[in-house]
Amino acid sequence: MLDKSQSVHEHPRPMSELAKAYEPQAVEEKWYAAWLAADCFHADESSEKEAYSIVIPPPNVTGILHLGHVLNNAIQDILARRARQEGKEVLWLPGTDHAGIATQAKVERELREKEGKTRRDLGRDAFLERVWDFKNTHGDIIIKQLKRLGCSCDWSRERFTMDPQYTRWVSQVFVDLFNEGLIYRGKRMVNWCPVSLTALSDEEVIMKPSRSKLFTMKYELADHPGEFIEISTTRPETLMADVAIAVHPKHPKYAKWIGKMVKRPFPEALIPIIGDEAVDLEFGTGALKITPAHDKVDFEIGLKHGLDIVDTLHPDGRINCPACPDLDGLDRFVARRKAAAKLEEMGLLIGVEEYENNVGYSERADVPIEPRISMQWFLRYPKIKESTDAVASGEIRFRPERWAKTYAHWMENLQDWCISRQLWWGHQIPVWYRKDKFDSLKNAESLETKDAAAGDIYVGVEPPAQGDWIRDEDVMDTWFSSWLWPFATMSDVGENSATLKKFYPTTDLVTGPDIIFFWVARMIMAGYRFAGGLPFKNVYFTSIIRDLKGRKMSKSLGNSPDPIDLMDKFGADGLRFGLMRIAPVGADVRFDESSVEEGRNFANKLYNACRFRQMDGNEFAPLPSVHGLPVYHVLVMSKLDQLANDLVGIYAEYRFGEIAQRLYEFLWNDFCDKWLEAVKADLRESATAEARAAALGTFDAVMSRYLQLLHPYMPHVTEELSERMNYVSAGEFLMKKSLPDKPLLAGLPAAELEAAQKQAAAIYETAGRLRNLKAEYNLGSRKDVRFVMKGSVDWLSNELNVLALLAGSAEILADDAYEAPKGTPAAVTPVGEAYMPMEGLIDVGAERTRISKEIEKMELEVKKSEGKLGNASFVDRAPPEVVVQEKQRLEDWKTKLTQLGEMLAALK
RNA sequence: GCGCGCUUAGCUCAGUGGUAGAGCACAUCCUUCACACGGAUGGGGUCGCAGGUUCGAACCCUGCAGCGCGCACCA
């Protein structure tokens with residue numbers, strides 16, 4: 001047995017030593033290490049070059065890479081690498097976010113599961129030590145994953161939102177805003193998470209449609225026994241906190257009772273009926289129980305009417321009502337059923353109906369939040385006008401632009417931001433209370449600038465130097481540190497650092513539209529207030545990645561593929577390219593692993609094209625002149641020039657998917673399918689040295705530039721191939737090379753260019769027609785087919801060999817005197833009439849028999865699928881589109897048989 | 001209720017007024033000396049529906065329907 005792979009002598013040229021299929025893993029690791037070793041990602045703040053900068057949206061320090069991160073960071077890497085190629089000094093500043101609630105919850109869970117302890121068992125300091133340990137052990141997982149993806153961040157500038165200098169910034173900003181009167185403390189209705197035991201901002205509450213029950217009950221009038229007022233509620237468990245009943249002043253039945261008292265059943269009390277326009281006449285009974293402590297609207301009504309506030313819930317959501325021992329201490333949802341049952345026993349429950357309403361859930365803990373009055377710190381946003389105008393005027397440009405409307409709408413309806421959190425992990429509020437006044441200050445209705453002036457409280461970055469003080473226990477919302485990210489990462493407080501000077505404001509921000517309010521809007525306001533201007537010039541909002549069913553990726557659904565697995569399977573380049581190619585501008589993307597597979601296949605195609613070139617060695621072949629080259633070479637070079645030129649415009653519009661698509665099409669269609677096939681004759685041993693030099697020179701000229709254009713999308717494989725093909729000198733990196741300033745065909749006269757493009761395109765098209773002809777007669781794979789060209793264009797004779805090669809044909813003759821036998825298959829082509837003489841190609845008789853048999857089989861199939869056969873059951877019937885397809889194929893075969901008949905007649 | 005977006009081939013999506021496209025999937029052929037992670041050929045779409053503008057509409061306008069998202073309200 002002769003194994004082909006061992007018989008090297010069979011090959012005219014030595015086979016490349018490269019493996020047949022591209023294996024990305026080792027290559028990617030090698031190049032990432034090489035880039036780091038050569039400090040390729042470092043941004044030089046003293047550079048003369050134009051600055052380009054991006055700050056990374058800092059992932060949660062304990063987070064794990066998901067596909068959203070991949071898309072987001074691939075785009076940033078593409079922008080950064082492209083900017084370097086454009087000769088800019090690039091800073092891509094990385095870092096992580098301490099993610100208050102998420103991180104603390106993780107550590108608390110671990111503590112509970114492993115040691116059965118709560119954070120209070122440990123105490124604040126010991127607990128924080130645990131969180132820091134956790135951060136130090138797990139914090140670099142996501143950083144390593146970003147490196148695996150190929151991200152060209154300046155790791156020497158990596159930041160963490162709880163770095164000492166960053167923390168100083170957060171405190172300083174708090175102090176400044178406090179002194180300005182924009183930060184104050186007050187007792188307000190806030191969103192309370194009964195699981196995380198902290199207040200939340202409005203943005204951290206997610207409204208979910210929920211199936212609830214609407215209870216209708218009745219309260220008896222105090223001085224009209226036997227007369228009742230009916231009200232509807234979804235929350236009977238808050239009945240104990242009712243302090244009034246409100247009706248619309250125009251209520252047909254109840255309006256007359258305004259001012260009278262009703263009996264609250266438990267704990268028994270008399271509460272007034274009040275009139276308020278806020279009550280909807282149409283809803284329920286048109287009467288509303290007022291529970292100021294546990295409902296936002298009720299709280300407002302309570303304020304207006306001077307009602308008491310009765311709080312009957314513990315912070316963890318259990319009932320706090322010793323006057324009702326049977327409910328006291330119960331969970332709010334258990335108490336709900338119990339309270340309803342109690343009402344029923346008392347004969348006060350009139351009805352229960354199924355009801356769908358929206359319930360606010362805690363974003364992190366995923367439980368219904370509880371509106372709760374508590375003492376919190378709030379911020380009145382600064383620089384609202386400047387920030388609104390900046391986006392409206394296009395000074396900060398949003399892409400897609402429609403998000404600007406969402407932003408404007410939010411900016412017009414700003415509510416004060418609740419910035420305090422009852423957590424331990426985070427930036428502690430930099431406020432100290434005088435110890436001797438602590439108890440009164442703790443419960444003071446409000447605290448603001450004047451209280452500091454009075455010396456009762458101290459607000460400062462450093463702790464008070466002397467005296468007895470107690471520090472506020474709360475920490476700040478994580479986003480209160482995130483909003484400083486673009487400048488706090490580049491400088492320390494009050495310091496105009498060289499990095500800040502060079503790279504602020506940043507050029508592009510790449511993030512998801514889901515954090516426009518959380519982050520983007522607030523960064524703009526902070527930028528104007530604390531860094532002297534806008535924080536970035538462009539914001540690119542990425543797609544949200546969904547599964548094929550259109551669902552969001554989530555851990556609980558298990559529909560979120562692990563990007564590391566995908567990179568193991570397909571390579572980081574494959575993942576990046578595959579994802580980029582399907583991610584549309586401004587719409588969600590439905591992710592499917594097959595797109596990553598295509599990315600991997602594309603890398604392989606590229607690799608093999610280079611492998612083919614390497615059969616002729618890997619010494620760089622210079623292109624002596626662009627004049628007088630074969631037309632195919634001119635066409636492929638002009639296509640590359642066109643591509644390079646078009647990409648400039650598409651990059652300017654941030655249409656990343658289109659860039660990937662264009663890169664894909666050039667390599668696969670123009671370069672491999674057409675040019676590389678056309679050029680094979682020039683690389684044979686029989687070819688002239690001149691032809692070979694031109695082909696190799698064209699290959700290297702085109703491929704070296706193409707690799708550069710592709711590099712931002714597939715950094716590893718392009719760097720690898722550039723080295724192997726000697727497109728960069730030893731020790732140089734493709735990633736550091738500037739884009740060429742002139743097109744390949746810069747010196748070629750337009751007339752010569754156009755003529756070559758036309759001729760080459762005509763040959764490719766003709767080759768396609770000839771292949772059609774072959775395939776029609778089932779000769780697609782035959783190499784011994786010959787063609788005759790009649791009435792051909794004058795330049796065709798020089799191109800017949802290439803045409804024959806492309807058509808997979810043994811020989812093509814140009815013969816204007818050719819008389820085709822009747823029935824000879826023919827086609828009209830851009831270069832003349834083409835004939836395919838059939839003599840000797842097929843045994844017409846045998847072929848005819850074969851086709852007849854096929855037709856019989858096909859007819860049977862068609863009948864079966866139409867359900868026309870006697871024994872065909874209903875289930876055998878094919879769907880209509882299949883029937884149509886099969887009928888079409890039947891017709892094709894019949895046509896072929898007729899043609900064969902003609903041919904047979906002609907040959908006799 | 002207000003606002004935004006989407007609806008094109010079996011699937012995922014391009015397509016800004018002039019002959020309907022790509023990849024995948026499917027069918028047939030080919031393991032030919034870059035690549036089967038490949039090559040060749042082919043089948044498949046009244047462009048969500050109804051009107052309007054236009055010589056001409058997937059594209060512009062109006063209305064409707066379905067799906068999705070955001071905001072507000074929800075006793």
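Every chain is numbered from 1, with letters handed out A, B, ... down the list of sequences. Everything quoted here is computed from the prediction, not taken from an experiment. Computed over heavy atoms, backbone and side chain alike; hydrogens, waters and symmetry mates excluded.
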S.K.: With a 4.0 Å cutoff (strictly under), does any side-chain N or O of A:Trp668 reach OP1 or OP2 of B:rG39?
M.R.: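 So the side chain of A:Trp668 is within the cut-off, an N or O lying under 4.0 Å from OP1 or OP2 of B:rG39.
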S.K.: Applying the Watson-Crick and G-U wobble criteria at under 3.5 Å, what pairs with B:rG43? Answer none if nothing qualifies.
M.R.: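 No nucleotide pairs with B:rG43.
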S.K.: Roughly, in whole Å, what's the span from CZ in A:Arg613 to P in B:rC35?
M.R.: 17 Å
S.K.: Where the side chain of A:Arg611 is defined as all heavy atoms beyond and including C-beta, which of B:rG23, B:rC4, B:rC35 is the nearest nucleotide?
M.R.: B:rC35
S.K.: Parallel, tilted or perpendicular: which one describes the rings of A:Phe656 and A:Tyr540, with boundaries at 30° and 60°?
M.R.: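 Answer is perpendicular, since the angle exceeds 60°.
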S.K.: Relative to A:Phe787, does A:Lys774 satisfy both conditions: NZ or CZ under 6.0 angstrom from the six-membered ring centre, and within 45 degrees of the ring's axis?
M.R.: no
S.K.: What is the distance, rounded to the nearest whole Å, between atom CZ of A:Arg399 and atom P of B:rG5?
M.R.: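 Between P of B:rG5 and CZ of A:Arg399: 18 Å.
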S.K.: Strictly by Watson-Crick or wobble contacts shorter than 3.5 Å, is anything paired with B:rA65, and which nucleotide is it?
M.R.: B:rU7
S.K.: How many whole angstroms separate atom NZ of A:Lys783 from atom P of B:rU32?
M.R.: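 So the NZ-P distance, A:Lys783 to B:rU32, works out to 10 Å.
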S.K.: Is NZ or CZ of A:Arg581 both nearer than 6.0 Å to the six-membered ring centre of A:Tyr664 and within 45° of the ring axis?
M.R.: yes
S.K.: Rounded to whole Å, how long is the line connecting atom CG of A:Asp592 with atom P of B:rA22?
M.R.: 20 Å
S.K.: Give the rounded distance in Å between these two atoms: CG of A:Asn608 and P of B:rC35.
M.R.: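 Roughly 6 Å, once rounded to whole Å.
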S.K.: Among B:rC37, B:rG23, B:rU12, which is the nearest nucleotide to the side chain of A:Asn601?
M.R.: B:rC37
S.K.: In Watson-Crick or G-U wobble terms, both distances under 3.5 Å, what is the partner of B:rG1?
M.R.: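 Partner of B:rG1: B:rC71.
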